[in-house]
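Worksheet for the structure shown next.
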Amino acid sequence: MATINDIGVAAAINIVTALAFLLAFAIFRIQPVNDRVYFPKWYLKGLRSSSIQTGGFGSKFINLDFRSYIRFLNWMPEALKMPEPELVDHAGLDSVVYLRIYLLGLKIFFPIACVAFTAMVPVNWTNKGLDRLRHYNISFSDIDKLSLSNIPNGSPRFWVHLCMAYAITFWTCFILKREYQNIALMRLQFLANDQRRPNQFTVLVRNIPSDPHESICELVEHFFKVNHPDHYLTFQAVHDATKLSELVLTRKQMQNLLDYNINKHMRNQSNRPVIKMGFLGCCGEEADGIKYYTSVVEGLTREISEEKQRLRTGTKSIVPAAFVSFKTRWGAAVCAQTQQTRNPTEWVTEWAAEPRDIYYDNLALPYVDLKIRRLIVGVAYFFLTFFFMIPIAFVQSLANIEGIEKAFPFLKPLIEVKFLKSIIQGFLPGIALKIFLLFLPRILMQMSKFEGFVSTSSLERRAATRFYMFQFINVFLGSIVTGTAFQQLNSFLNQSANDIPKTIGVSIPMKATFFITYIMVDGWAGVAGEILRLKPLIIYHLKNSFLVRTEKDREEATDPGTIGFNTGEPQIQLYFLLGLVYAAVSPILLPFILVFFGLAFVVYRHQVINVYNQKYESAGKFWPDVHRRVVTALVVSQLLLMGLLSTKHASKSTPLLLVLPLLTIGFHKHCKNRYQPAFVTYPLQVS
């Protein structure tokens with residue numbers, strides 16, 4: 001059981017770590033040698049072409065302008081300077097809407113935290129409920145006295161928690177509705193004012209039926225000329241161009257080697273560059289590097305031309321999918337949002353994603369295969385979620401000193417050292433859980449690809465949904481259940497079955513200390529580590545030292561990365577869940593969450609402006625998922641509070657909570673009917 005001292009040690013460790021990361025970033029970012037790592041977006045846009053040059057020895061690598069070190073923290077106000085409309089033009093609407101998730105957290109939790117610490121914390125602290133429960137052998141610390149657990153059974157003070165639950169619900173719904181309305185309007189304006197792009201006039205058609213008398217191309221042309229005669233413009237069949245893409249990639253690599261040899265010759269024209277034709281260029285017959293790579297590039301260029309011609313004239317490479325373009329947005333909207341034939345599994349239409357967003361590998365999958373694949377993934381996901389309970393239980397065991405001492409008695413003298421004990425209980429569980437979750441997003445992304453989604457944005461949204469469900473079941477519910485079992489195991493074994501619900505009711509609020517340690521590790525040090533970009537920094541300098549031959553190599557050595565919606569958004573939603581659940585149960589969690597949302601907003605706004613290069617633009621299509629998950633967290637918090645109050649014999653106040661989930665679900669349905677269509681369909685009125 002983590003004490004105030006343990007939380008203090010964990011806070012000190014994470015604050016020092018976060019400050020060290022931020023200080024290192026502030027110094028590294030002004031060094032010319034790191035310019036491509038911390039400002040790659042400006043290089044990709046062509047607005048930044050050279051590093052800081054101040055003259056003098058070493059100016060190409062180290063910033064010798066000592067005045068800039070005095071202003072090393074100016075990145076924070078600079079990150080907040082750019083207005084939102086300008087940020088939309090600079091980074092896209094997806095990035096702006098993603099940043100608004102952090103603002104949503106601040107808008108919801110700052111007023112709630114102020115009210116909770118004004119009204120609820122004094123009510124919880126001034127009771128003696130936990131002291132009266134010592135005969136149940138329940139372990140607790142002083143920090144737990146700030147929670148609902150410290151109020152004795154049947155106390156009239158539970159009316160304060162009831163009023164707080166209503167206040168949290170109404171305030172959260174108000175902010176959610178206003179944000180949903182604003183973002184829906186931003187999306188419609190973005191789509192209406194955006195430059196005319198082909199995908200705004202294009203529909204993806206899949207599951208085109210085979211016909212023995214017509215080819216795929218003839219079938220598509222005939223079908224749309226008959227069914228959409230006034231608006232149909234043209235189509236582009238989808239080809240299996242795997243060989244062509246491999247040839248293009250190989251030519252790119254060979255062209256880069258040719259450029260390197262030409263540059264080498266330009267620096268020393270008296271000697272022609274020589275290469276060895278043997279293993280890895282280390283042995284074998286020597287040849288003129290420029291002539292050899294020139295002949296290779298010319299040969300690959302011919303092969304590419306021949307492969308393109310084969311794809312244009314042949315029919316074997318065509319798959320049963322096509323992109324159909326229309327003369328107007330209105331015509332495309334009618335086709336994309338209607339059923340084309342009596343058989344709903346044929347001629348399936350949907351809005352075409354922009355070219356960067358299309359996931360071509362899944363375009364040709366048959367309709368029946370999609371159903372089978374999703375069934376397989378559903379079963380695999382169930383077992384993944386179930387078996388992950390094992391490491392979660394292990395993490396919770398780390399938070400229980402008594403359990404460690406029983407399992408490893410030889411460690412008892414070491415564990416009982418006060419400082420080490422504080423680290424184990426206040427820091428180790430959070431970092432262990434973070435490590436266990438590292439590889440999960442990649443697994444879930446592969447599952448989404450196997451399911452057959454045809455755009456990167458839909459792949460990420462699906463993976464994000466599964467990641468959120470996984471964290472809800474394993475990280476939230478799993479940590480509460482297994483943690484309660486570990487901490488109160490002696491209680492469970494030595495009391496009657498009728499007293500077990502009472503023990504659980506007292507113990508669940510006490511898990512706030514575990515989640516506080518996780519928030520500090522993931523939300524404080526983790527966010528600060530994100531801006532430092534230590535991994536891309538090391539990789540860039542390794543590539544720059546050993547692999548970079550040309551300026552093109554140097555450009556590709558930098559990985560700007562993306563926001564990573566499939567990993568970032570579910571993590572944010574976990575904080576919404578924790579904040580809403582514990583706001584009326586153990587408000588001590590709220591300041592830690594507010595620090596996360598504030599720090600993350602500044603850090604990720606800086607990254608969006610200077611670093612991330614978004615792979616696609618979906619115009620904020622993911623916001624309905626964000627809204628739904630916050631509403632889900634709100635309902636879970638209401639049900640949990642209802643259960644806790646029932647175990648505390650608050651028979652008069654508990655029934656009044658029954659209406660809150662119903663009101664919240666009704667609110668969600670209203671928002672879904674009113675605003676979600678703007679994210680799913682395209683209104684003909686603005687077509």
Side-chain angles (χ1 to χ4, degrees), residues 1-25 102 105-106 109-110 112-113 116-117 121 141-144 146-147 392 395-401 418-438 471 474-476 478-480 483 487 509-532 534 567-568 570-583 585-604:
M1 178 69 66
T3 63
I4 292 179
N5 182 58
D6 299 334
I7 297 297
V9 170
I13 292 173
N14 285 285
I15 289 172
V16 169
T17 303
L19 290 177
F21 286 159
L22 293 174
L23 181 62
F25 160 74
Y102 295 108
L106 291 173
F109 290 115
F110 182 75
I112 291 176
F117 274 82
V121 169
S141 66
D142 288 340
I143 201 169
D144 297 316
L146 298 173
S147 72
I392 291 294
V395 168
Q396 288 302 321
S397 69
L398 293 177
N400 182 32
I401 291 292
K418 189 174 182 180
F419 180 72
L420 291 178
K421 186 176 182 180
S422 296
I423 291 179
I424 292 172
Q425 289 193 311
F427 180 73
L428 192 58
I431 195 69
L433 181 58
K434 179 72 174 174
I435 293 171
F436 277 124
L437 294 175
L438 275 179
Q471 292 207 105
N474 278 308
V475 178
F476 180 68
S479 295
I480 287 176
Q487 289 178 358
M510 296 180 186
K511 291 309 298 175
T513 54
F514 166 75
F515 289 120
I516 287 173
T517 64
Y518 180 72
I519 290 169
M520 288 189 291
V521 171
D522 180 69
W524 294 8
V527 169
E530 173 65 26
I531 201 171
L532 180 59
L534 188 59
T567 57
Q571 285 293 99
I572 303 172
Q573 289 296 341
L574 178 62
Y575 294 110
F576 276 104
L577 176 65
L578 295 176
L580 290 171
V581 166
Y582 282 98
V585 174
S586 184
I588 189 63
L589 205 76
L590 294 178
F592 297 90
I593 290 178
L594 283 173
V595 171
F596 160 74
F597 279 117
L599 177 62
F601 176 71
V602 176
V603 165
Y604 281 97

Is there side-chain contact between Leu594 and Phe110, with heavy atoms separated by less than 4.5 Å? yes

Which atom pair, heavy atoms only, marks the closest approach of Leu574 to Gln471? CD2-OE1, 3.8 Å

So OH of Tyr102 and CG of Leu599: to nearest 0.5 Å the spacing works out to 10.0 Å

Which pair of heavy atoms, one from Ile593 and one from Tyr575, lies closest together, and at what distance? CD1-O, 3.6 Å

Which pair of non-hydrogen atoms, one from Asn14 and one from Trp524, has the smallest distance, and what is that distance? CB-CE3, 4.4 Å

Minimum heavy-atom distance Ala583-Ile112, with the two atoms named: CB-CG2, 3.9 Å

Minimum heavy-atom distance Pro587-Ala116, with the two atoms named: CB-CB, 3.8 Å

From CG (Leu580) to CG (Leu590), nearest 0.5 Å: 9.0 Å

Tyr604: side chain to side chain donor-acceptor pair (under 3.5 Å) partners, not counting sequence neighbours: none

Can you give me the closest heavy-atom contact between Leu589 and Leu578, atom names plus distance? CD2-O, 3.6 Å

With sequence neighbours excluded, tell me which residues meet ring-ring contact (aromatic ring centres under 6.0 Å, His included) with Phe576. Phe109, Phe597

